[in-house]
Amino acid sequence: AQKVTQAQTEISVVEKEDVTLDCVYETRDTTYYLFWYKQPPSGELVFLIRRNSFDEQNEISGRYSWNFQKSTSSFNFTITASQVVDSAVYFCALSVGSGYSTLTFGKGTMLLVSP
Amino acid sequence: SAVISQKPSRDICQRGTSLTIQCQVDSQVTMMFWYRQQPGQSLTLIATANQGSEATYESGFVIDKFPISRPNLTFSTLTVSNMSPEDSSIYLCSVASTTALDGYTFGSGTRLTVV
């Protein structure tokens with residue numbers, strides 16, 4: 001069975017601080033995908049990134065960066081110079097196999113960025 | 001990527017009644033998923049709905065409580081039956097899309113309050 005752990009329930013930072021959201025996953029499959037989604041107060045899920053298990057390259061997209069480490073089964077997400085608009089719940093998720101199986105979500109981390 | 005129209009966006013219902021949530025996709029998709037997100041919680045998969053076959057329910061969810069229809073490759077409904085306040089949640093549909101960057105597209109969600 002798959003499992004995704006987001007140990008940080010809530011994080012509060014002041015604008016312009018950097019913040020890292022942790023994600024640890026468990027699976028016996030060698031082929032899998034990892035995701036990060038953002039859920040603002042409006043409730044919709046906003047896709048941020050997908051990473052497959054064979055691509056351990058870190059990724060940077062603007063103020064966002066992701067650190068994928070298979071050795072520690074972690075897929076951490078860093079926001080640089082946080083902004084108030086970054087305030088949301090962030091979910092890490094996992095799907096296994098090469099096809100499109102169901103997503104297993106972590107419990108989410110609520111990020112509060114104050115001015 | 002696929003675009004999903006999910007209706008209603010929100011509703012307040014009396015206990016004991018039923019609500020049917022609709023998801024219309026702008027392209028044909030094989031797999032559709034229904035998730036529940038209880039207040040302050042993560043997303044939990046209710047069932048997977050493939051066209052032409054009965055939905056596959058996850059542990060803890062039963063067809064009598066959450067009947068699902070999937071009459072064609074672009075449409076699905078989820079009914080929440082005999083509602084109680086514990087059913088107050090956000091319900092989201094999702095599709096697996098081979099053309100979507102993330103592989104999955106989510107509806108905007110239905111925010112249900114049972115009183």
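Quick note: numbers below take in every heavy atom, side chains included, and nothing from hydrogens, waters or symmetry partners.
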Contacting region of A:Leu48 [heavy-atom separation from chain B under 4.5 Å]: neither
Portion of A:Gln6 that has a non-hydrogen atom of chain B nearer than 4.5 angstrom: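 Neither; nothing under 4.5 Å.
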A:Asp55: partners by side-chain contact (heavy atoms from CB on, under 4.5 Å), with sequence neighbours left out: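 Checked A:Asp55 against side-chain contact (heavy atoms from CB on, under 4.5 Å); matches are A:Arg51, A:Asn52, A:Gln57.
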Pairing residues for B:Ser108 by the side-chain contact (heavy atoms from CB on, under 4.5 Å) criterion, not counting sequence neighbours: B:Gln6
Residues of residues 104-115 of chain A with any heavy atom under 4.5 Å of a heavy atom in chain B: A:Phe105, A:Gly106, A:Lys107
Inter-chain contacts: residues 63-76 of chain A against chain B, heavy atoms under 4.5 Å: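 Within residues 63-76 of chain A, no residue comes under 4.5 Å of chain B, counting heavy atoms only.
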Donor-acceptor contact below 3.5 Å, side chain [X] vs main chain [Y]:
X: A:Ser53; Y: A:Tyr32; answer: yes
X: B:Ser88; Y: B:Pro85; answer: yes
X: B:Arg36; Y: B:Gln38; answer: no

Polar contact flag, side-chain donor to acceptor under 3.5 angstrom, [X]-[Y]:
X: B:Thr56; Y: B:Thr48; result: no
X: A:Thr20; Y: A:Thr78; result: yes
X: A:Thr31; Y: A:Asp29; result: no

Worked check of side-chain contact (heavy atoms from CB on, under 4.5 Å) between B:Val95 and B:Met31: CA-CA 6 Å; B:Val95 301; B:Met31 301 176 74; over 6 Å; no
Contacting region of B:Glu58 [heavy-atom separation from chain A under 4.5 Å]: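 Neither; nothing under 4.5 Å.
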Residue B:Leu43 versus chain A: region with a heavy atom under 4.5 Å: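 B:Leu43 touches chain A through backbone and side-chain heavy atoms alike.
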Side-chain heavy-atom pair A:Tyr25, A:Thr5 within 4.5 angstrom cut-off: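 No, side chains not in contact.
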Which of B:Arg111, B:Gln37, B:Gln41 touches chain A most, by non-hydrogen pairs under 4.5 Å: B:Gln37
Salt-bridge criterion met for B:Asp87 and B:Arg15 (N-O under 4.0 Å): no
Parallel, tilted or perpendicular, as decided by the 30° and 60° cut-offs, for the rings of A:Phe35 and B:Tyr104: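 B:Tyr104 vs A:Phe35 ring planes: perpendicular.
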Top contributor to chain B contacts, counting heavy-atom pairs under 4.5 Å, from A:Leu45, A:Thr9, A:Val89, A:Val46: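 Heavy-atom pairs under 4.5 Å are most numerous for A:Leu45.
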